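When a residue number appears, it is its place in the shown sequence, counting from 1. Please read all numbers here as calculations on a predicted model, not as lab measurements.
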Amino acid sequence: LEGQIYFAADALPVRDLLPIKFREHVAETSLLSSSAWVDIQNNQIIQVTGHVAPTDIQIQSNEQSITLKNEEFNWVMRPERNYWSVSLNEIALSVNDIATSTALAGRLYPSGQSDFVLTSPIPMAMFAPILTIINPEATPLALTGELAEVGLYWLSDKEQAGFLRFANAGWEALEHVGINNLNVDTYWHRLGSQTAIRSTIDAVDGKLFTGTHTLAEDLEYTELSADIFANIVEDTFVLAPSTLTLKSELTDLFVSAQYNTRLLLHARLEPGTVKNITALLPTKLMGKQTYRYLMRALDTENQTGQVKSATLLWDGVPTDFPFADNSGVFQAQVVIEEADFVFAPDWPMLENLSLTLNFDNADLFMYAPSATLGDVAVSDMYASIPGMNSQSVLTIEAQGSGSGFAVSQVMQQSSLAASLGKVLTENVIVSNVLSAQLNLSIPLSGSKVDARGSVTFDDNYVFIKNIDTELKNVSGSLSFDNSN
């Protein structure tokens with residue numbers, strides 16, 4: 001038997017060729033026409049060639065609609081020793097106004113197994129309109145880069161495997177985190193109801209888009225690498241222990257994470273300087289007022305402080321933050337040294353500060369074992385911002401010691417200048433060392449600062465100028481409260 005057999009199919013409804021769950025999204029006017037020729041020699045099929053005519057497929061979901069076009073392509077099947085080779089050449093595709101040309105090669109085995117490889121890249125931008133159809137409620141994504149390679153291995157009805165390779169890929173979404181310049185290799189294997197996934201990421205000289213709800217500025221990275229392991233079991237996604245490393249001028253970042261209904265994440269940052277850590281403060285996660293306070297306190301003109309350590313721990317369902325019901329934990333700690341800190345308006349700046357900031361869910365606690373306030377030595381400073389919202393009040397408690405002149409100069413430069421500052425610089429002159437205790441209440445809303453505390457005398461010399469009186473070996477305390 002020799003010859004050629006010709007088949008033709010005209011105006012086939014595309015929706016009838018798809019699985020039932022996809023048919024409702026394809027317009028009835030989407031039609032497919034194709035033809036095929038079977039070449040036979042010596043009673044053997046030596047080749048099957050086919051042609052697919054230009055096709056417009058309209059895909060709709062709610063108010064979203066896209067047009068998938070095939071400009072036409074040819075395909076060829078040839079028998080080899082123990083399989084059929086398949087090739088689809090010059091496949092010209094477009095989604096809306098985004099066009100590309102690609103090719104596909106594969107093998108079909110008598111056992112029912114098959115494998116296919118995409119041999120030409122596809123721009124990632126082509127998939128963005130399709131994602132809006134799959135999930136109309138999701139934020140639209142701007143996709144970059146290309147899907148460089150695709151492999152699919154069909155082993156049986158219960159077992160399949162494959163790989164995806166992305167080059168210079170990334171995404172950006174309005175008010176959401178995005179990233180670019182990623183090279184990603186993803187491998188997957190499905191057996192029954194379980195799919196195992198592994199992705200490796202290797203990238204250089206890219207940018208992390210932080211959006212309006214995270215960092216004040218986008219983060220440019222010099223290196224990024226990740227090793228990600230995941231499983232999907234009956235539509236449930238599980239992230240196995242995975243790691244990510246990022247290096248940038250602002251900080252080096254090391255992350256380990258896993259997820260199974262709740263996220264467990266540990267991160268270590270190495271920002272180096274306090275200036276860098278201010279650029280990494282989340283703009284809205286900690287509350288606008290807390291963010292503004294820390295920026296005013298730490299982002300000083302001549303800030304030279306160093307970051308000794310910075311760590312973050314998360315354990316909980318992300319949408320449950322700030323875990324008001326104690327269902328999860330968010331903790332972050334930043335330890336800085338030799339820093340400047342403007343702790344309150346109308347007060348001198350703390351210098352040479354050693355400070356630990358502890359974020360605990362929605363609360364912020366600060367502790368400084370040592371600092372200087374002018375020429376006054378400050379020790380054991382405690383501060384807290386419960387709730388970290390617009391109604392929160394920052395409270396500060398601190399101990400200090402210094403000469404009578406040093407203490408008077410601090411008070412003269414503070415919000416107590418008209419009261420205690422005036423007394424200690426004009427009316428009551430104190431020599432020798434004084435100790436002081438200070439309590440401040442600072443509403444983050446910008447309301448009046450309440451200051452109270454005491455100055456303790458211990459064998460001091462005191463001159464009261466108004467009555468021209470000298471006192472020696474004075475012991476006792478002078479209390480103050482600016483609300484009185």
#### Entry: Residue D235 excluded, over 12 heavy atoms near CG under 6.0 Å
no
### side chain to side chain contact (heavy atoms under 4.5 Å, CB included) between M124 and T144, worked out
CA-CA 6 Å; M124 290 297 298; T144 58; over 6 Å; no
### Message
Using modelled atom types and a 3.5 Å cut-off, is there a donor and acceptor pairing between side-chain atoms of N180 and backbone atoms of K207?
### Response
yes
### Task
Please report the C-alpha distance between Q194 and N231 in whole Å, then the side-chain angles of each, then the deciding distance to 0.1 Å, and finally whether the side chain to side chain contact (heavy atoms under 4.5 Å, CB included) criterion is met.
CA-CA 7 Å; Q194 180 169 324; N231 292 286; 3.7 Å; yes
### Message
Tell me whether E234 at atom CD has more than 12 heavy atoms from other residues, nucleotides or ligands lying less than 6.0 Å away.
### Response
no
### Task
Could you tell me whether a side-chain N or O of S156 sits under 3.5 Å from a main-chain N or O of K158, the two making a donor and an acceptor?
yes
### Task
Report yes or no: does R292 contribute a side-chain atom to a donor-acceptor pair with the main-chain N or O of L444 at less than 3.5 Å?
no
### Query
Do the side chain of D325 and the main chain of S327 share a donor and acceptor less than 3.5 angstrom apart?
yes
#### Entry: Step-by-step side chain to side chain contact (heavy atoms under 4.5 Å, CB included) determination, W37 to Q47
CA-CA 8 Å; W37 294 262; Q47 178 175 276; over 6 Å; no
### Task
Compare all side-chain heavy atoms of Q333 with those of T356 and state whether any distance is below 4.5 angstrom.
yes
### Query
Would you find more than 12 non-hydrogen atoms of other residues, nucleotides or ligands less than 6.0 Å from E249 atom CD?
no
### Message
So which atom in A125 and which in P129 form the shortest heavy-atom distance, rounded to 0.1 Å?
### Response
O-CD, 3.4 Å
### Minimum heavy-atom distance P79-I46, with the two atoms named
CD-O, 3.3 Å
### Heavy-atom donor-acceptor pair, T119 side chain to A103 backbone, under 3.5 Å
yes
### Message
Rounded at 0.5 Å granularity, tell me how far CD1 in I396 sits from OG in S441.
### Response
9.0 Å
### Task
Could you check if a side-chain atom of I336 sits within less than 4.5 angstrom of a side-chain atom of L298, using non-hydrogen atoms only?
yes
### Query
Where do P271 and N276 come nearest, in terms of heavy atoms and distance?
O-ND2, 2.8 Å
### Query
If we only count heavy atoms from C-beta on, is the L294 to L357 side-chain gap below 4.5 Å?
yes
### Message
Whether the side chain of T243 engages the backbone of P241 through a donor-acceptor N/O pair (distance < 3.5 Å, no angle test) should be reported.
### Response
no
### Query
Does R268 come within less than 4.0 Å of E270, counting only side-chain N to carboxylate O?
yes
### Message
Closer than 3.5 angstrom, by distance alone: can the side chain of R262 be matched with the main-chain N or O of D315 as a donor-acceptor pair?
### Response
yes
### Query
In Å and rounded to the nearest 0.5 Å, what is the OG to CG distance from S34 to L12?
6.5 Å
## Note on the structure
All heavy atoms of N181 vs all of A203, minimum pair found to be O-CB, 3.2 Å
### Query
Between atom CG of L143 and atom CH2 of W171, what is the distance when rounded to the nearest 0.5 Å?
9.5 Å
### Message
For Y109, give me all partners under ring-ring contact (aromatic ring centres under 6.0 Å, His included), at least two apart in sequence or on another chain.
### Response
Y83
### R198/D185 ion pair, N-O < 4.0 Å
no
### Task
Find out whether T102 and L104 are in side-chain contact, i.e. whether some heavy atom of one side chain is under 4.5 Å from a heavy atom of the other.
no
### Query
Can you name the residues that form a ring-ring contact (aromatic ring centres under 6.0 Å, His included) with F323, not counting sequence neighbours?
W314, F321
### Message
Could you check whether any side-chain N or O of D363 sits under 3.5 Å from a backbone N or O of G387, counting only pairs where one atom can act as donor and the other as acceptor?
### Response
yes
#### Entry: Close side-chain approach of L219 and Y221, heavy atoms under 4.5 Å
no
### Query
How long is the gap from CG on L355 to CG on D340, to the nearest 0.5 Å?
12.0 Å
### Query
When rounded to the nearest 0.5 angstrom, what distance separates CG in N43 from CD in E2?
8.0 Å
### Query
What heavy-atom pair brings K275 and D299 nearest, and what distance separates the two atoms?
NZ-OD1, 2.9 Å
### Message
Taking atom CD as the centre, does E28 end up with more than 12 heavy-atom neighbours from other residues, nucleotides or ligands that are less than 6.0 angstrom away?
### Response
no
#### Entry: Expected output: side-chain N70 to main-chain P54 donor-acceptor under 3.5 Å
no
### Message
Surrounding CZ of R165 (heavy atoms of other residues, nucleotides or ligands, distance under 6.0 Å), is the total greater than 12?
### Response
yes
### Query
Under the ring-ring contact (aromatic ring centres under 6.0 Å, His included) test, which residues partner Y187, sequence neighbours left out?
none
### Heavy-atom side-chain contact between V342 and T300 under 4.5 Å
yes
### Message
Please evaluate residues D380 and Y382 with respect to the criterion side chain to side chain contact (heavy atoms under 4.5 Å, CB included), reporting the C-alpha separation (whole Å), side-chain torsions for both, the decisive distance (0.1 Å), and the verdict.
### Response
CA-CA 6 Å; D380 294 330; Y382 294 88; 4.1 Å; yes
### Check: F341 and M366 side chains under 4.5 Å, non-hydrogen atoms
yes
### Query
Does a side-chain heavy-atom distance below 4.5 Å link T251 with V307?
no
### Summary
Closest non-hydrogen contact found for A371 with L350 is CB-CD2, 4.0 Å
### Message
Within the supplied structure, the quantity of interest is the number of heavy atoms (other residues, nucleotides, ligands) at a distance under 6.0 Å from D97 CG; does it exceed 12?
### Response
no
### Task
Using modelled atom types only, decide if a donor and an acceptor are shared between the side chain of N183 and the backbone of A167 within a distance under 3.5 Å.
no
### Task
Take atom NZ of K69 as the centre, draw a 6.0 Å sphere, and report whether it contains more than 12 heavy atoms from other residues, nucleotides or ligands.
no
#### Entry: Separation of I442 CD1 from L394 CG (nearest 0.5 Å)
4.5 Å
